[in-house]
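Below, read A as the first sequence line, B as the second, and so on, with proteins coming before strands; counting in each chain starts at 1. As a basis for the values below, the full set of heavy atoms in this structure was taken, side chains included, without hydrogen atoms, waters or symmetry mates.
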Protein chains: 2
Amino acid sequence: MAIFSKTCEYAIRAVFYIAHKTANGGRVGIKDIATGIDSPELYLAKILQDLSRKGLISSFKGPNGGFFIEPALLNKPLSEIVEAVDGDSLFYGCALGLKQCSEINPCPLHNDFKAIRDKIHLLLSTTTIGEFNSELMNGLFSLKK
Amino acid sequence: MAIFSKTCEYAIRAVFYIAHKTANGGRVGIKDIATGIDSPELYLAKILQDLSRKGLISSFKGPNGGFFIEPALLNKPLSEIVEAVDGDSLFYGCALGLKQCSEINPCPLHNDFKAIRDKIHLLLSTTTIGEFNSELMNGLFSLKK
DNA sequence: ACAATAAAAGACAAAAATATCTTTTATTAT
DNA sequence: ATAATAAAAGATATTTTTGTCTTTTATTGT
């Protein structure tokens, strides 16, 4: 099992792609994005529709249309994308899937995994959508298989 | 998304259950285990068959039969259960699902997630199957929803 | 207005994960 | 030997995730 669902992997990669491609204005089409991150175009379209509905990215139809990210939203934490797609169980859920797991009724792994979840949460809360833009423009980071 | 698959959650809970129930000899039946960890009995049976084939737990058929764990195996790290069920992508895989992600061709999250994966791996490698036995016997830890 | 473009929406399909049912095999006790 | 027990094995069913296809809607340029 991976940390994120496949849907979420595509979502994050797409958001990074859109962010750095439209940081200085303009829009980027679904074909371009799908190629840029190596993902199935029509499936990705569904994912982006969802993120768009939730206001995490923006889009316009028609010629010169496409997806983009409002400059102000480049400061949003990546955790919002993850939460929108995969929910918050990665941040708050019990590792062993116990609904009632808590400090007062812990599973054997409760304390250790709480620490790990907190680290993941902190990382994704302090990482922003736009912070890799310059490295992505310079080709220092990859978004493709 | 949770950290582990549902199958793996059941597997870990079952292994903890079997470990503490058979630490002093004896065997425990599938019905008992399924009740003890709140899991679907027949599905759990499949999971335990698999762990048994892989030598992580043992079993006997017939009257007085059931599952148990060889005392020597109580020192095995939990990571072996996880790896047997969910594979090792939690320990080594790229957070964004990139096959080619590495130090020399990193995804934007590579370094941060490498640190997290290492923590998870270390935790599961240093946690043993049997180390919660006494707390489980005392009811200090829960394995049920 | 009209044609072209590109995302949105809705329906559908395939694959994987989760769950259940039935039959077989090994073991034990009578 | 036989009956009872309990896991192993194989087949099937359901649900969720992932992926695709088709139609509709909004926007732009002519």
| request: Check the distance between C/dA17's P and B/Asp50's CG and give it to me in whole angstrom. | output: 13 Å

| task | Decide whether A/Leu124 and A/Ile116 are clustered together by the hydrophobic rule: side chain heavy atoms of Ile, Leu, Val, Met, Phe, Trp, Tyr closer than 4.5 Å, transitively. | result | yes

| query | Where is the tightest heavy-atom contact between A/Ile18 and A/Ile57, given as atom of each residue plus distance? | reply | CD1-CD1, 4.3 Å

| message | Hydrophobic clusters here meaning ILVMFWY residues chained together by side-chain heavy-atom distances under 4.5 Å, can you tell me if A/Leu73 and A/Val15 are in one? | response | yes

| message | Using a heavy-atom cut-off of 4.0 Å across all strands, would you classify B/Ile30 as base, sugar-phosphate, or nothing? | response | sugar-phosphate

| query | Is there a side-chain polar atom (N or O) of B/Asn64 under 4.0 Å from OP1 or OP2 of C/dA29? | reply | yes

| field | Hydrophobic cluster identity match, A/Leu136 and A/Phe68, side-chain contacts under 4.5 Å | value | no

| task | For side-chain contact (heavy atoms from CB on, under 4.5 Å), just list the numbers for A/Met137 and A/Asn133, CA-CA rounded to whole Å, side-chain angles, deciding distance to a tenth of an Å, and then say yes or no. | result | CA-CA 6 Å; A/Met137 290 180 206; A/Asn133 278 358; 4.1 Å; yes

| query | Within this structure, what is the CD1-to-C1' distance between B/Ile47 and D/dA7, rounded to whole angstrom? | reply | 15 Å

| A/Glu41 has an atom CD; how far is it from atom P of D/dT18, in whole Å? | 19 Å

| query | Toward the 5' end of DNA chain C, which comes first, B/Thr7 or A/Leu42, by nearest nucleotide? | reply | A/Leu42

Tabulate protein N/O versus nucleotide N/O from nucleotides 10-13 of chain D, keeping only pairs under 3.5 Å, one per line.
from: D/dG10; atom 1: N7; to: B/Lys46; atom 2: NZ; distance (Å): 2.8
from: D/dG10; atom 1: O6; to: B/Lys46; atom 2: NZ; distance (Å): 2.7

| Between B/Ser52 and D/dA8, does any side-chain N or O lie under 4.0 Å from OP1 or OP2? | yes

| message | Taking the minimum atom-to-atom distance to the side chain of B/Pro40, which one of D/dA8, D/dT20, C/dA19 wins? | response | C/dA19

| task | Could you tell me the separation between the CZ atom of A/Phe141 and the CD atom of A/Glu135, rounded to the nearest 0.5 Å? | result | 5.0 Å

| said: Are A/Leu48 and A/Ile33 packed together at the side-chain level, in the sense that at least one heavy-atom pair is separated by less than 4.5 angstrom? | reply: yes

| query | Just how far, in rounded Å, is P of C/dA19 from CD1 of B/Ile37? | reply | 11 Å

| said: Please check: side-chain N/O of B/Arg117 versus main-chain N/O of B/Gly93, any donor-acceptor pairing under 3.5 Å? | reply: yes

Please list, one pair per line, the donor and acceptor atoms closer than 3.5 Å that link side chains of residues 97-108 of chain B to other protein atoms, with sequence neighbours excluded.
from: B/Ser102; atom 1: OG; to: B/Ile104; atom 2: N; distance (Å): 3.4
from: B/Ser102; atom 1: OG; to: B/Asn105; atom 2: N; distance (Å): 3.3
from: B/Glu103; atom 1: OE2; to: B/His110; atom 2: NE2; distance (Å): 3.2
from: B/Asn105; atom 1: ND2; to: B/Gln100; atom 2: O; distance (Å): 3.3

| request: Tell me which residues in residues 85-100 of chain B put a heavy atom below 4.0 Å from DNA chain C, sorted by number, or none. | output: none

| said: Tell me whether the side-chain N/O atoms of A/Ser59 come closer than 4.0 Å to OP1 or OP2 in C/dA6. | reply: no

| Rounded to whole angstrom units, what separation is found between the CG atom of B/Leu51 and the P atom of D/dA7? | 14 Å

| request: Round to the nearest Å and state the distance from A/Tyr43 atom OH to D/dT16 atom P. | output: 14 Å

| task | Establish whether B/Phe60 and B/Phe67 are linked, either directly or via other cluster members, by ILVMFWY side-chain heavy-atom contacts under 4.5 Å. | result | no

| request: For the residue pair B/Phe4 and A/Phe113, categorise the inter-ring angle as parallel (less than 30°), tilted (30 to 60°) or perpendicular (more than 60°). | output: perpendicular

| message | How many whole angstroms separate atom CZ of B/Phe60 from atom C1' of C/dA29? | response | 17 Å

Polar atom pairs (N or O), protein with nucleotides 24-26 of chain C, under 3.5 Å:
from: C/dT25; atom 1: O2; to: B/Lys61; atom 2: NZ; distance (Å): 3.3
from: C/dA26; atom 1: O4'; to: B/Lys61; atom 2: NZ; distance (Å): 3.3

Result block: side-chain N/O donor-acceptor pairs under 3.5 angstrom for residues 83-90 of chain A, not counting sequence neighbours:
from: A/Asp86; atom 1: OD1; to: A/Ser5; atom 2: OG; distance (Å): 2.6
from: A/Asp86; atom 1: OD2; to: A/Ser5; atom 2: N; distance (Å): 3.0
from: A/Ser89; atom 1: OG; to: B/Met1; atom 2: N; distance (Å): 3.4
from: A/Ser89; atom 1: OG; to: B/Met1; atom 2: O; distance (Å): 3.0

| Salt-bridge criterion met for A/Asp50 and A/Lys54 (N-O under 4.0 Å) | yes

| task | For side-chain contact (heavy atoms from CB on, under 4.5 Å), just list the numbers for B/Ile37 and B/Phe16, CA-CA rounded to whole Å, side-chain angles, deciding distance to a tenth of an Å, and then say yes or no. | result | CA-CA 9 Å; B/Ile37 70 167; B/Phe16 279 155; over 6 Å; no

| message | Rounded to whole Å, how long is the line connecting atom CE of A/Met1 with atom P of C/dA17? | response | 9 Å

| Do any of residues 17-29 of chain A sit with a heavy atom less than 4.0 Å from DNA chain D, and if so which? | none

